[in-house]
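Since the structure comes first, as structure tokens, the remarks are kept for the end.
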Amino acid sequence: VREVAAAVHDPGWPGTGNWSFNVAHAGSVPGLGAVVARLGGVCDLERWIDAGMPVAVSVSYAQLKGASRPSRGDGHLVVVRGFTASGDVLVNDPGVRRSRVQREVPRADFIRAWTHSRRTAYLVWPE
């Protein structure tokens with residue numbers, strides 16, 4: 001933990017919560033590739049999931065919960081782990097109590113929430 005914290009420390013923030021630094025560090029690990037990207041849409045996420053790789057994404061937390069507009073400072077990360085047969089999004093949300101970590105989010109709410117970050121995704125894969 002100390003080694004990773006030192007490698008991802010962002011003196012401009014300051015702290016270790018800079019996800020671009022975290023992804024860059026993951027990409028420096030032998031056998032892993034990593035990039036921060038802006039994906040074209042949910043279809044791109046579906047291709048990653050179909051390949052067996054969950055994707056961390058940046059969302060508006062308020063919109064993820066169904067609000068029509070983002071709240072100030074409500075940036076949040078979730079991991080997309082799949083899709084339902086009807087296209088809703090299955091996420092793991094580390095910011096909620098344990099009983100609610102695995103959730104299903106209506107597709108329209110997810111798209112609205114993810115668009116707030118301009119569809120930012122944190123991609124890490126085995127090479």
Side-chain angles (χ1 to χ4, degrees):
V1 172
R2 287 181 186 165
E3 179 184 325
V4 171
V8 301
H9 180 75
D10 178 359
W13 184 58
T16 57
N18 180 323
W19 279 94
S20 297
F21 279 36
N22 295 346
V23 171
H25 178 67
S28 74
V29 173
L32 291 179
V35 67
V36 178
R38 295 200 194 280
L39 299 182
V42 175
C43 291
D44 291 338
L45 281 177
E46 289 172 329
R47 283 191 281 280
W48 279 85
I49 299 303
D50 287 345
M53 288 179 263
V55 178
V57 297
S58 180
V59 296
S60 157
Y61 191 56
Q63 289 178 302
L64 191 70
K65 296 188 298 182
S68 61
R69 297 167 55 155
S71 296
R72 189 172 188 186
D74 77 332
H76 189 62
L77 295 179
V78 296
V79 176
V80 177
R81 60 182 171 82
F83 294 88
T84 66
S86 63
D88 288 338
V89 185
L90 302 173
V91 301
N92 285 357
D93 185 348
V96 297
R97 65 183 180 271
R98 189 173 291 183
S99 64
R100 295 201 54 223
V101 167
Q102 293 188 331
R103 301 192 296 171
E104 182 177 317
V105 178
R107 191 178 186 94
D109 291 344
F110 176 82
I111 290 170
R112 190 171 37 259
W114 189 35
T115 299
H116 178 68
S117 75
R118 296 182 301 230
R119 296 175 311 281
T120 299
Y122 305 92
L123 306 168
V124 179
W125 64 93
E127 291 185 329

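Since this is a predicted model, take the numbers as computed values, not measurements.
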Quiz item: Does a side-chain N-to-carboxylate-O contact under 4.0 Å join R112 and D109?
Solution: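 Salt bridge present between R112 and D109.
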Quiz item: How is the hydrophobic cluster of V23 composed, in terms of its other members, when Ile, Leu, Val, Met, Phe, Trp and Tyr link through side-chain heavy atoms under 4.5 Å apart, directly or indirectly?
Solution: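 When side chains under 4.5 Å apart are linked, the cluster holding V23 also contains W19, V36, L77, Y122.
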According to a 4.5 Å side-chain heavy-atom criterion applied to Ile, Leu, Val, Met, Phe, Trp and Tyr, with indirect links allowed, do [X] and [Y] form part of one hydrophobic cluster?
X   : Y    : value
V8  : V79  : no
L90 : V57  : no
V29 : V124 : yes

How long is the span from the [atom1] atom in [X] to the [atom2] atom in [Y], to the nearest 0.5 Å?
X    : Y    : atom1 : atom2 : answer
T120 : R38  : OG1   : CZ    : 3.5 Å
F110 : E104 : CZ    : CD    : 13.0 Å
D93  : Q102 : CG    : CD    : 11.0 Å
R81  : R103 : CZ    : CZ    : 10.5 Å

Tell me, do [X] and [Y] make a side-chain contact under 4.5 Å, heavy atoms counted?
X    : Y    : result
W114 : L39  : yes
V4   : H25  : yes
M53  : P126 : yes

Specify the closest pair of heavy atoms between [X] and [Y], including all atoms of both residues, with the distance to one decimal.
X   : Y   : answer
P54 : G52 : CD-O, 3.7 Å
S71 : A62 : OG-CB, 3.5 Å
A26 : L32 : O-CB, 3.5 Å

Quiz item: Tell me, which pairs form a salt bridge (charged side-chain N to carboxylate O under 4.0 Å, His left out) where one or both residues lie in residues 117-127, sequence neighbours left out?
Solution: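 Of all non-adjacent pairs touching residues 117-127, none passes salt bridge (charged side-chain N to carboxylate O under 4.0 Å, His left out).
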Quiz item: Ignoring hydrogens and geometry, is there a side-chain-to-backbone donor-acceptor pair from D88 to T84 under 3.5 Å?
Solution: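 Such a contact is absent between D88 side chain and T84 backbone.
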Quiz prompt | Donor-acceptor under 3.5 Å (D74 side chain, Y61 main chain) | solution =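 Yes; at least one donor-acceptor contact below 3.5 Å.
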Quiz item: Which residues pass the side-chain contact (heavy atoms from CB on, under 4.5 Å) test with E46, sequence neighbours left out?
Solution: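 Per chain and number, E46 pairs via side-chain contact (heavy atoms from CB on, under 4.5 Å) with V42, C43, F83, R107.
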Self-check item: salt bridge (Lys or Arg N to Asp or Glu O under 4.0 Å) between R47 and D50, intermediate numbers included
Solution: CA-CA 5 Å; R47 283 191 281 280; D50 287 345; over 6 Å; no
